[in-house]
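To start, the structure itself, in structure tokens.
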Amino acid sequence: LVAVNPYKTFNIYGLDVVKRYENKTLGSLPPHLFALGSASFGKMVKDSENQVIVISGESGAGKTESTKLLMQYLAAVNTSGSNLVTERILQANPLLESFGNAKTIRNDNSSRFGKYAELYFKGGSIIGAKISEYLLEKSRIVTQAAEERNYHVFYEMLTGLNEAEKAKYGLMTAEKYFYLNRGGNCDIDSKSDLRDFNDLRSAMDVLGFTSTEKETIMRILASVLHLGNVYFNKVQNEHHNEGVEIGSDAEIKWISHLLQLSEKWLKEALTMKVTEARSERLLTPLTIDQALDARDAIAKALYQRLFSWLVERVNHIVKGPEVRERTNSIAILDIFAFED
């Protein structure tokens, strides 16, 4: 199917259209995403053969929306009807979009990671799913081009948290954060960060996230923002070697509090290179460029680990029973980077 993103909403994906394409052979009706979904589902049920749908195209082609629509179609036509498993699978989308999508020059909701979603069926009923993620764009966490944004979740969080919650994590408005203001305007006309933050919280509830897990996620996100506002001053030691000192103790205090780390250890990690040889532990001062690189590397590692953990956490909830011989799957590959 060759699909074109019209950048507006058309009423061609409702339940009435699902019913129209259900159980129809490919080509008997006009081309449509649901015709592909119907062909895949029918082939899997009839021949007990696993299927895969590949969605590729340049940024802004509509891959993310096509993936969501196909998953909604398969959830609607599966014979188990509306149940908790299918609801949880669908709720994984807003969660991963918040953490893995961002505004680029070409697209206000661009997936910055690859996603392979497998839906497992037994007798035509969805019984579970598994999501694989890869190639998350880590550079976006610390820098963005003009007119672009960092990952949605940061802006959603700062818009959606109330004043007491912001105070708890030491947070301000998005414009005050180095990791969020590099691209210029922090708002998107086509997106409501407040509404999407409420959708994110709702998705976490449906997926069974505990209050401790939700608290930990907020602590890590806040720590990434505080890290970006850590700055350094050049100093020279008695040997006239260049080193750095941290010029923002307040941010260090917040990070150590939120991540429950020692302030001394955190300062050392940001300003020194540690070399261990035999029983000795040597500390070499970093230059200002090396210190900035170390700061950014910690922020990227924190966010990457959080994102991978979220995918694992979702899989733990939606995996369903163990995959047995009589289980079949339809997989959807939503892959970016085919710009040519």
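Computed from a predicted structure; not experimentally measured.
One N or O on the side chain of Asn315 and one on the backbone of Ile131 form a donor-acceptor pair closer than 3.5 Å. Here the side chain of Ser66 pairs a donor or acceptor atom with the backbone of Gly62 at under 3.5 angstrom. Remark: the backbone N or O of Ala277 is not paired with any side-chain donor or acceptor of Glu280 at under 3.5 angstrom. Judged by distance alone, the side chain of Ser256 and the main-chain N or O of Ser262 form no donor-acceptor pair under 3.5 Å. Using modelled atom types, one side-chain atom of Thr104 and one backbone atom of Asn107 make a donor-acceptor pair closer than 3.5 Å. A distance-only check finds a donor-acceptor pair linking the side chain of Tyr177 to the backbone of Met172 [under 3.5 Å]. Side-chain atoms of Arg182 never come within 3.5 Å of backbone atoms of Arg140 as a donor-acceptor pair (strictly under, hydrogens ignored). Here the side chain of His32 pairs a donor or acceptor atom with the backbone of Ile12 at under 3.5 angstrom. With hydrogens and angles disregarded, a donor-acceptor distance shorter than 3.5 Å links the side chain of His226 to the backbone of Tyr169. Between the side chain of Lys63 and the backbone N or O of Glu58 there is at least one donor-acceptor pair closer than 3.5 Å.
By the 4.0 Å N-to-carboxylate-O rule, Arg305 lies too far from Glu312 to be salt-bridged with it. Salt bridge annotation for Arg201-Glu165: present, with a cationic side-chain nitrogen under 4.0 angstrom from a carboxylate oxygen. Salt-bridge annotation for Lys267 and Glu245: absent, with no side-chain N of the basic residue lying under 4.0 Å from a carboxylate O of the acidic one. No salt bridge links Asp108 with Lys191; every basic N to acidic carboxylate O contact stays at or beyond 4.0 Å.
Note on Leu90: it does not cluster hydrophobically with Val206, by side-chain heavy-atom contacts below 4.5 Å among ILVMFWY residues. Cluster membership for Tyr231 and Phe178, using ILVMFWY side-chain heavy atoms within less than 4.5 angstrom, is not shared. Side-chain heavy atoms closer than 4.5 Å link hydrophobic residues (I, L, V, M, F, W, Y) into clusters, and following such links, possibly through other members, connects Leu161 to Ile255. Both Leu259 and Trp265 sit in one connected hydrophobic cluster of ILVMFWY residues. Membership requires side-chain heavy atoms under 4.5 Å apart, directly or through other members. When hydrophobic clusters are built by joining Ile, Leu, Val, Met, Phe, Trp and Tyr residues whose side-chain heavy atoms come closer than 4.5 Å, directly or via intermediates, Leu194 is not grouped with Ile188.
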Are Ser80 and Asn83 close enough, and set up right, to give a side-chain hydrogen bond (donor to acceptor under 3.5 Å, both in side chains), and what steps lead you there?
CA-CA 7 Å; Ser80 60; Asn83 62 20; 3.2 Å; yes
Any chance you could lay out the side-chain contact (heavy atoms from CB on, under 4.5 Å) test for Lys130 and Tyr120, step after step, and finish with the verdict?
CA-CA 8 Å; Lys130 181 187 175 189; Tyr120 298 115; 3.9 Å; yes
Ile217 and Met204: side-chain contact (heavy atoms from CB on, under 4.5 Å), yes or no, with the steps?
CA-CA 11 Å; Ile217 290 165; Met204 284 183 175; 3.7 Å; yes
Between Glu133 and Ser308, does a side-chain hydrogen bond (donor to acceptor under 3.5 Å, both in side chains) hold up when you go through it step by step?
CA-CA 8 Å; Glu133 56 85 15; Ser308 295; 3.1 Å; yes
List the steps, then state whether ring-ring contact (aromatic ring centres under 6.0 Å, His included) holds for Tyr303 with Phe154.
CA-CA 11 Å; Tyr303 195 84; Phe154 292 113; 5.5 Å; yes
From CA spacing to verdict: side-chain contact (heavy atoms from CB on, under 4.5 Å), Leu221, Phe99:
CA-CA 10 Å; Leu221 291 173; Phe99 285 85; 4.0 Å; yes
Apply side-chain hydrogen bond (donor to acceptor under 3.5 Å, both in side chains) to residues Asp289 and Thr287 and explain how you reach the verdict.
CA-CA 5 Å; Asp289 286 342; Thr287 65; 5.5 Å; no
Kindly determine whether Leu227 and Leu302 satisfy side-chain contact (heavy atoms from CB on, under 4.5 Å), including the steps that lead there.
CA-CA 10 Å; Leu227 263 170; Leu302 264 176; 4.0 Å; yes
Begin from the C-alpha positions of Glu65 and Asn5 and carry the test side-chain hydrogen bond (donor to acceptor under 3.5 Å, both in side chains) through to its verdict.
CA-CA 9 Å; Glu65 291 303 312; Asn5 186 351; over 6 Å; no
I'd like to know whether Arg112 forms a salt bridge (Lys or Arg N to Asp or Glu O under 4.0 Å) with Glu148, so could you lay out the CA-CA distance, the side-chain angles of the two residues, the decisive distance to 0.1 Å, and finally the verdict.
CA-CA 12 Å; Arg112 308 316 297 165; Glu148 297 198 352; over 6 Å; no
Working for ring-ring contact (aromatic ring centres under 6.0 Å, His included), residues Tyr13 and Phe34:
CA-CA 8 Å; Tyr13 298 108; Phe34 292 171; 5.7 Å; yes
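The environment of Lys166 atom NZ is dense: over 12 non-hydrogen atoms of other residues, nucleotides or ligands sit within 6.0 angstrom. The local environment of CG in Asn162 is crowded, with over 12 non-hydrogen atoms from other residues, nucleotides or ligands closer than 6.0 Å. Shown here is Lys68, whose NZ atom has more than 12 heavy atoms of other residues, nucleotides or ligands within 6.0 Å. Other residues, nucleotides and ligands place more than 12 heavy atoms under 6.0 Å from the CG atom of Asp47. For CD of Glu147, the number of neighbouring non-hydrogen atoms (other residues, nucleotides, ligands) closer than 6.0 Å is 12 at most. Counting non-hydrogen atoms of neighbouring residues, nucleotides and ligands closer than 6.0 angstrom, the NZ atom of Lys214 exceeds 12 such neighbours.
You'll find the side chain of Glu242 reaches within 4.5 Å of the side chain of Ile288, heavy atoms only. No side-chain heavy atom of Phe307 sits less than 4.5 Å from a side-chain heavy atom of Tyr151. Asp16 has its side chain out of reach of Arg20: every pair of non-hydrogen atoms, C-beta onward, lies at least 4.5 Å apart. Within the 4.5 Å cutoff, side-chain heavy atoms of Lys115 are placed close to those of Thr67. Side-chain contact between Glu22 and Tyr73 is present, with at least one heavy-atom pair separated by less than 4.5 Å. The shortest side-chain heavy-atom distance between Asp249 and Glu263 does not fall under the 4.5 Å cut-off. Side-chain contact between Gln290 and Met272 is absent, with no heavy atoms from C-beta onward closer than 4.5 Å. Between Ile53 and Ile55, the closest side-chain pair of non-hydrogen atoms falls below 4.5 Å.
Atom CG of Leu15 sits about 10.0 Å away from atom CD of Gln72, to the nearest 0.5 Å. Between the CG atom in Asn150 and the NZ atom in Lys103 there is a gap of 13.0 Å [rounded to 0.5 Å].
Counting all heavy atoms, side chain and backbone alike, Leu26 lies closest to Leu36 at CD1-N, 4.3 Å. Across all their heavy atoms, Val230 and Glu251 have their closest contact at CG2-CB, 3.8 Å. Of all the heavy atoms in Glu118 and Ala331, the pair that sits closest is CG-CB, 3.8 Å. Looking at every heavy atom in both residues, Val18 comes nearest to Ala76 through CG1-CB, 4.0 Å. The shortest heavy-atom contact between Asn78 and Ile126 is OD1-N, 3.0 Å. When every heavy atom of Arg295 is checked against every heavy atom of Gly228, the shortest pair comes out as NH1-O, 3.4 Å.
Checked against a 6.0 Å centroid threshold, the rings of Phe121 and Phe41 count as neighbours.
Cation-pi contact between Arg149 and Tyr155: present, with separation from the ring centre below 6.0 Å and deviation from the ring axis of at most 45°.
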